[in-house]
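Working notes, beginning with the structure itself.
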Amino acid sequence: QVRLVESGGGLVQAGGSLRLSCTISGRTFSPNHMGWFRRAPGKEREFVATITWAFGNRYYGDSVRGRFTISRDTAKNTMDLQMNSLNPEDTAVYYCAARITSQALLVRNVGVETEYDYWGQGIQVTVSS
């Protein structure tokens, strides 16, 4: 019954910016964590960023740290990913993910996709050179 919907993808030139949004619905309580993963053609899904819902602690994958910023609106159950200084290597389908279970997520596991319970359908981000 949990539904995650991504929006805001598209085409952008290298060096430009794009902002993705994710809306979660179908539950009466907030998720524990929400995050972003991405998958380029022929590659496995890669961790991008995650945020703890209660405190807003942020964690980033090595490839995006310093360029991307994750945020959330706890009142609206939405999550955004501000992507700056984009390069063609950022081209991928981006997936919104949510962790619903009340069990605490260890910091070392925040980027493990199997720790997340629900996923959006993905949205395309294409960065041209």
Side-chain angles (χ1 to χ4, degrees):
Q1 297 291 80
V2 174
R3 189 168 76 107
L4 304 178
V5 179
E6 302 98 336
S7 62
L11 176 66
V12 66
Q13 289 184 309
S17 298
L18 206 62
R19 190 176 185 91
L20 303 182
S21 294
C22 177
T23 300
I24 181 171
S25 62
R27 303 289 288 235
T28 58
F29 54 89
S30 300
N32 301 122
H33 305 257
M34 292 188 70
W36 293 94
F37 293 75
R38 67 186 184 184
R39 180 173 55 83
K43 302 184 69 175
E44 295 187 11
R45 199 151 50 186
E46 174 191 24
F47 169 67
V48 176
T50 190
I51 188 167
T52 64
W53 207 251
F55 302 112
N57 303 117
R58 301 168 179 177
Y59 306 91
Y60 297 95
D62 292 340
S63 63
V64 306
R65 188 177 295 108
R67 299 187 297 122
F68 292 8
T69 302
I70 190 171
S71 61
R72 87 280 192 254
D73 186 330
T74 58
K76 296 183 177 182
N77 277 350
T78 58
M79 176 184 64
D80 291 349
L81 183 70
Q82 178 65 45
M83 304 184 292
N84 298 328
S85 301
L86 287 163
N87 57 66
E89 289 70 38
D90 296 313
T91 296
V93 176
Y94 284 70
Y95 297 88
C96 174
R99 178 179 171 88
I100 303 298
T101 180
S102 60
Q103 190 171 76
L105 228 198
L106 298 175
V107 171
R108 64 175 178 267
N109 291 331
V110 296
V112 178
E113 64 181 79
T114 55
E115 297 287 358
Y116 294 81
D117 303 302
Y118 300 98
W119 297 81
Q121 79 285 353
I123 190 166
Q124 180 69 47
V125 171
T126 302
V127 184
S128 62
S129 59

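Side-chain atoms are counted along with the backbone in the values below, which use heavy atoms only and exclude waters and symmetry mates.
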Closest non-hydrogen contact found for Arg45 with Glu113 is NH2-OE2, 2.9 Å
Heavy-atom closest pair (Thr52 atom, Arg72 atom, distance to 0.1 Å) is O-NE, 3.5 Å
Given Trp36 and Phe68, is the ring pair (Phe, Tyr, Trp, His ring centres under 6.0 Å) satisfied, shown in steps?
CA-CA 11 Å; Trp36 293 94; Phe68 292 8; 9.9 Å; no
Note, [X] side chain near [Y] side chain (heavy atom, < 4.5 Å):
| X | Y | value |
| --- | --- | --- |
| Gln82 | Asn84 | yes |
| Thr69 | Tyr60 | yes |
| Ile70 | Met79 | yes |
| Arg67 | Asp90 | yes |
| Met34 | Ile24 | yes |
| Tyr94 | Met83 | yes |

Joint cluster assignment, [X] & [Y], ILVMFWY side-chain distance < 4.5 Å:
| X | Y | result |
| --- | --- | --- |
| Leu86 | Val64 | yes |
| Val48 | Leu105 | no |
| Trp53 | Leu81 | yes |
| Phe47 | Tyr118 | no |
| Leu4 | Val93 | no |

Atom [atom1] in [X], atom [atom2] in [Y]: separation rounded to 0.5 Å?
| X | Y | atom1 | atom2 | result |
| --- | --- | --- | --- | --- |
| Glu89 | Thr91 | CD | OG1 | 8.0 Å |
| Arg58 | Ile51 | CZ | CD1 | 5.0 Å |
| Gln13 | Leu11 | CD | CG | 8.0 Å |
| Asn77 | Thr23 | CG | OG1 | 9.0 Å |
| Lys76 | Ser21 | NZ | OG | 10.5 Å |
| Phe55 | Thr74 | CZ | OG1 | 12.0 Å |

Across all chains, not counting sequence neighbours, the side chain to side chain donor-acceptor pair (under 3.5 Å) partners of Thr78 are none
The side chain to side chain donor-acceptor pair (under 3.5 Å) partners of Glu46 (sequence neighbours excluded) come to Arg38, Ser63
Mark yes or no for whether Asp117, through its side chain, and Ile100, through its backbone, hold a donor-acceptor pair below 3.5 Å. yes
I'd like to know if the side chain of Glu6 reaches the main chain of Gln121, judged simply by a donor and an acceptor atom lying under 3.5 Å from each other, with no hydrogens or angles considered. yes
Practice item. Check the pair Tyr95 / Phe37 against ring pair (Phe, Tyr, Trp, His ring centres under 6.0 Å), numbers first and verdict last. Key: CA-CA 5 Å; Tyr95 297 88; Phe37 293 75; 8.8 Å; no
Validation: residues 122-129 side-chain donor-acceptor distances under 3.5 Å, sequence neighbours left out:
unit_1, atom_1, unit_2, atom_2, d
Gln124, NE2, Ala92, O, 3.4
Gln124, NE2, Thr126, OG1, 3.2

Answer yes if the side chains of Tyr116 and Thr50 hold a donor-acceptor pair under 3.5 Å, and no otherwise. yes
Would Asp80 and Arg19 pass as an ion pair if we require N to O under 4.0 Å?
yes
side-chain contact (heavy atoms from CB on, under 4.5 Å) assessment of Arg99 paired with Glu115: CA-CA 7 Å; Arg99 178 179 171 88; Glu115 297 287 358; 2.9 Å; yes
